[in-house]
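Quick note on labels: first sequence line is chain A, next is B, and so on, each numbered from 1.
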Amino acid sequence: GQNIDQPTEMTATEGAIVQINCTYQTSGFNGLFWYQQHAGEAPTFLSYNVLDGLEEKGRFSSFLSRSKGYSYLLLKELQMKDSASYLCAVKISGNTPLVFGKGTRLSVIA
Amino acid sequence: DSGVTQTPKHLITATGQRVTLRCSPRSGDLSVYWYQQSLDQGLQFLIQYYNGEERAKGNILERFSAQQFPDLHSELNLSSLELGDSALYFCASSVAESYNEQFFGPGTRLTVL
């Protein structure tokens, strides 16, 4: 089967930096996505990595190592509004659905 | 606002009943995906349609069915409802058949009593 692991919960302080890890063991790999989901709301797209390395987009960066089956999402200058769940999802092949991890619930505290 | 609309926003019904959830994709998007999200589970893929045809099937129960109409809106039908079917049901859309950036609708919260 397909396996995607993320920590269940994390807590970080406003203004700090937090790294959310995602490891995957899947039958194929054609890209990795990060989504943000506030409680009771729709997931919104944050990033997409298909090649190894770091992709930076404002306060958010995402890193991928395909050989290690590993990705992380880095959030800088944390704000209270960043309190949300962060979902890691793997695209196994060009024509298969995304497989989502269970998400990491991030709480930002003052 | 992603441009994907879903109705109704909330639905409360009883066990054994049947409900229909509706989704309209973003203008120009041909693919529609349905997901179920329960409290303890991540997003579980149910089914995908592309331009009216079924393209992929995930963990969708036989009691559930879906279709995509010529105007590209989609409906998810849930029948013989059980307590465990209570969940958030999301629809997402994308331009292409393959799975690049998907845009999610606001979801329908189904409560089965």
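- Under the 4.5 Å side-chain contact rule for hydrophobic residues, A/F45 and B/V4 do not share a cluster.
- Note on A/L74 and A/F33: separate hydrophobic clusters, where clusters join Ile, Leu, Val, Met, Phe, Trp and Tyr whose side-chain heavy atoms are under 4.5 Å apart, directly or indirectly.
- Side-chain contact between A/T44 and B/S2: absent, with no pair of heavy atoms (C-beta onward) separated by less than 4.5 Å.
- Residue A/F29 is grouped with residue A/L73 when hydrophobic side chains (ILVMFWY) are merged at heavy-atom distances under 4.5 angstrom, including chains of intermediate members.
- Separation of atoms CD (A/Q37) and CG (B/L43) is listed at 6.0 Å; rounding is to 0.5 Å.
- Side-chain contact between A/E41 and B/F90 is absent, with no heavy-atom pair separated by less than 4.5 Å.
- For B/R26, the CZ atom counts as densely surrounded, since its 6.0 Å shell holds more than 12 non-hydrogen atoms of other residues, nucleotides or ligands.
- Cluster membership check: A/V99 does not share its hydrophobic cluster with B/L46, using side-chain heavy-atom separations under 4.5 Å among Ile, Leu, Val, Met, Phe, Trp and Tyr.
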- Message: ring-ring contact (aromatic ring centres under 6.0 Å, His included) for A/Y35 and B/F104? Distances and angles first, verdict last.
- Response: CA-CA 10 Å; A/Y35 281 81; B/F104 283 80; 5.5 Å; yes

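- Outside the 6.0 Å centre-distance limit, the rings of A/F100 and B/F45 are not counted as a close aromatic pair.
- B/Q102 contributes atom CD, which lies 9.5 Å from atom NZ of A/K91 (distance to the nearest 0.5 angstrom).
- Considering every non-hydrogen atom in both B/A56 and A/P97, the closest pair reads CB-CG, 4.0 Å.
- The CD atom of B/Q37 lies 7.0 Å from the CG atom of A/L87; values are rounded to the nearest 0.5 Å.
- Under a cut-off of 6.0 angstrom, the local environment of CD in A/Q25 is crowded, with over 12 non-hydrogen atoms contributed by other residues, nucleotides or ligands.
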